[in-house]
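Notes follow the structure.
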Amino acid sequence: MTAPLFSPAFRASLDQLFTWRRDVRHFRTDPVPEAVLSRLLETACLAPSVGLSEPWRFVRVDAPARRAEIRENFARCNAEALTGHSGDDAQRYATLKLAGLDDAPHHIAVFCDTNPAQGRGLGRGTMPETTVWSAVMAIHTFWLAATAEGVGLGWVSILNPQDASRTLCITPDWQFLAYLCVGYPAEQADTPELERRGWEQRNPARRQWINR
């Protein structure tokens with residue numbers, strides 16, 4: 001099989017995809033078609049994984065009661081996080097919309113099977129955390145694929161992971177990694193919302209090589 005040649009136009013479009021892949025916090029409430037969600041999951045599973053272990057586990061959260069518990073989990077953690085800021089930072093933090101839990105039509109939790117039988121341990125002997133890194137790669141692949149479909153994704157990290165796992169009745173062998181809000185964005189931008197709202201700025205120094 002001959003490998004494809006990626007044209008300059010394709011590479012330019014790929015750069016646009018990276019630029020427009022934003023953490024979405026404002027969603028429309030109309031659902032994403034099931035065929036599109038299935039296609040996004042299939043694309044996510046093309047992510048690289050240590051030893052071909054494919055340790056990611058995507059969990060659809062549809063039950064209203066479970067969603068309500070996750071929302072309460074977020075509210076507790078967010079209130080606690082606010083106490084860690086003071087002055088202008090506290091005021092800015094209080095105005096940020098840090099989750100799309102109320103409006104996003106789809107909620108997807110992502111777990112990692114940290115010791116999967118698949119892959120037979122290859123590549124994990126010295127760095128067992130590579131299963132988690134592999135699952136995060138799947139999340140990022142899902143995110144890019146969603147952006148290409150015009151679908152937004154918001155990663156809710158202000159959650160107690162143990163409480164989230166209990167809410168979703170997940171086996172203790174799976175590590176909670178992410179709670180994703182998925183849906184069509186209410187607005188789109190090519191810069192991070194936290195940058196637009198004055199919370200933080202990108203650091204050009206991060207774009208330079210470190211030589212040793």
Side-chain angles (χ1 to χ4, degrees), residues 9-33 36-37 39-40 43-44 47 58 61 67 70-110 133 135-161 164 176-210:
F10 174 87
R11 294 196 295 272
S13 294
L14 186 60
D15 284 341
Q16 283 187 312
L17 177 62
F18 293 147
T19 299
W20 284 87
R21 186 235 35 91
R22 301 271 59 90
D23 188 39
V24 175
R25 294 179 173 83
H26 308 272
F27 293 90
R28 291 164 23 198
T29 56
D30 48 312
V32 177
V36 174
L37 289 175
R39 187 160 61 246
L40 296 181
T43 302
F58 288 82
V61 183
R67 287 192 180 194
I70 292 293
R71 185 66 178 80
E72 292 171 4
N73 184 337
F74 168 80
R76 290 193 303 271
C77 293
N78 194 46
E80 182 177 346
L82 178 58
T83 65
H85 299 281
S86 60
D88 290 343
D89 269 4
Q91 291 182 334
R92 282 200 191 93
Y93 186 93
T95 64
L96 295 174
K97 181 176 171 60
L98 295 172
L101 294 169
D102 296 330
D103 297 330
H106 308 286
H107 292 193
I108 299 174
V110 186
W133 300 345
V136 172
M137 288 290 290
I139 294 171
H140 189 238
T141 303
F142 185 90
W143 209 332
L144 291 174
T147 302
E149 293 270 4
V151 175
L153 187 153
W155 187 330
V156 182
S157 60
I158 306 175
L159 292 171
N160 180 291
F176 178 81
L177 295 185
Y179 197 87
L180 309 178
C181 296
V182 179
Y184 292 111
E187 57 183 2
Q188 297 192 44
D190 61 354
T191 55
E193 182 175 340
L194 294 181
E195 184 175 0
R196 300 195 308 273
R197 300 286 294 275
W199 180 259
E200 189 55 272
Q201 300 293 316
R202 289 188 179 277
N203 187 345
R206 298 290 185 265
R207 303 167 199 168
Q208 301 174 8
W209 296 112
I210 296 175

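In this text, all values refer to a predicted model and were calculated from it rather than measured experimentally.
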Quick one: [atom1] on [X] to [atom2] on [Y], what's the gap to the nearest 0.5 Å?
X: R21; Y: Q16; atom1: CZ; atom2: CD; answer: 15.0 Å
X: R92; Y: E200; atom1: CZ; atom2: CD; answer: 10.0 Å
X: R196; Y: D190; atom1: CZ; atom2: CG; answer: 8.5 Å
X: R202; Y: E195; atom1: CZ; atom2: CD; answer: 6.0 Å
X: F74; Y: I70; atom1: CZ; atom2: CD1; answer: 12.0 Å
X: F10; Y: D15; atom1: CZ; atom2: CG; answer: 10.0 Å

Locate the shortest heavy-atom distance separating [X] from [Y]; write the atom from each residue and the value.
X: F58; Y: A44; result: CZ-CB, 4.0 Å
X: G152; Y: P185; result: N-CD, 3.6 Å
X: G154; Y: F27; result: N-CZ, 3.8 Å

Side-chain donor-acceptor pair present, N73, Y179, cut-off under 3.5 Å: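 No donor-acceptor contact under 3.5 Å links the two side chains.
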Candidate pair V110 and F142, rule side-chain contact (heavy atoms from CB on, under 4.5 Å), full reasoning: CA-CA 11 Å; V110 186; F142 185 90; over 6 Å; no
Could you tell me whether a side-chain N or O of [X] sits under 3.5 Å from a main-chain N or O of [Y], the two making a donor and an acceptor?
X: H107; Y: L101; value: yes
X: W143; Y: R22; value: yes
X: D23; Y: P192; value: no
X: R71; Y: D102; value: no
X: H26; Y: E187; value: no

side-chain contact (heavy atoms from CB on, under 4.5 Å) between C181 and V24, worked out: CA-CA 8 Å; C181 296; V24 175; over 6 Å; no
Non-hydrogen side-chain atoms of P105 and T29 separated by less than 4.5 Å: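 No. Closest side-chain heavy atoms not under 4.5 Å.
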Contacts of type side-chain hydrogen bond (donor to acceptor under 3.5 Å, both in side chains), residue R28, not counting sequence neighbours: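 Checked R28 against side-chain hydrogen bond (donor to acceptor under 3.5 Å, both in side chains); matches are D30.
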Identify each donor-acceptor pair in which a side-chain atom of residues 79-89 lies under 3.5 Å from a protein atom, sequence neighbours left out, and give them as a table.
residue	atom	partner	partner atom	Å
T83	OG1	E80	O	2.5

Worked check of side-chain contact (heavy atoms from CB on, under 4.5 Å) between W155 and I139: CA-CA 10 Å; W155 187 330; I139 294 171; 3.7 Å; yes
Result of checking T43, L144, L40, L37 against E149 for side-chain contact (heavy atoms from CB on, under 4.5 Å):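 Exactly one candidate clears the test, L40.
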Test side-chain contact (heavy atoms from CB on, under 4.5 Å) applied to V151 and V36, step by step: CA-CA 9 Å; V151 175; V36 174; 4.3 Å; yes
Side chain to side chain contact (heavy atoms under 4.5 Å, CB included) partners for P161, two or more places apart: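 For P161 the side chain to side chain contact (heavy atoms under 4.5 Å, CB included) partners, ignoring immediate neighbours, are F176.
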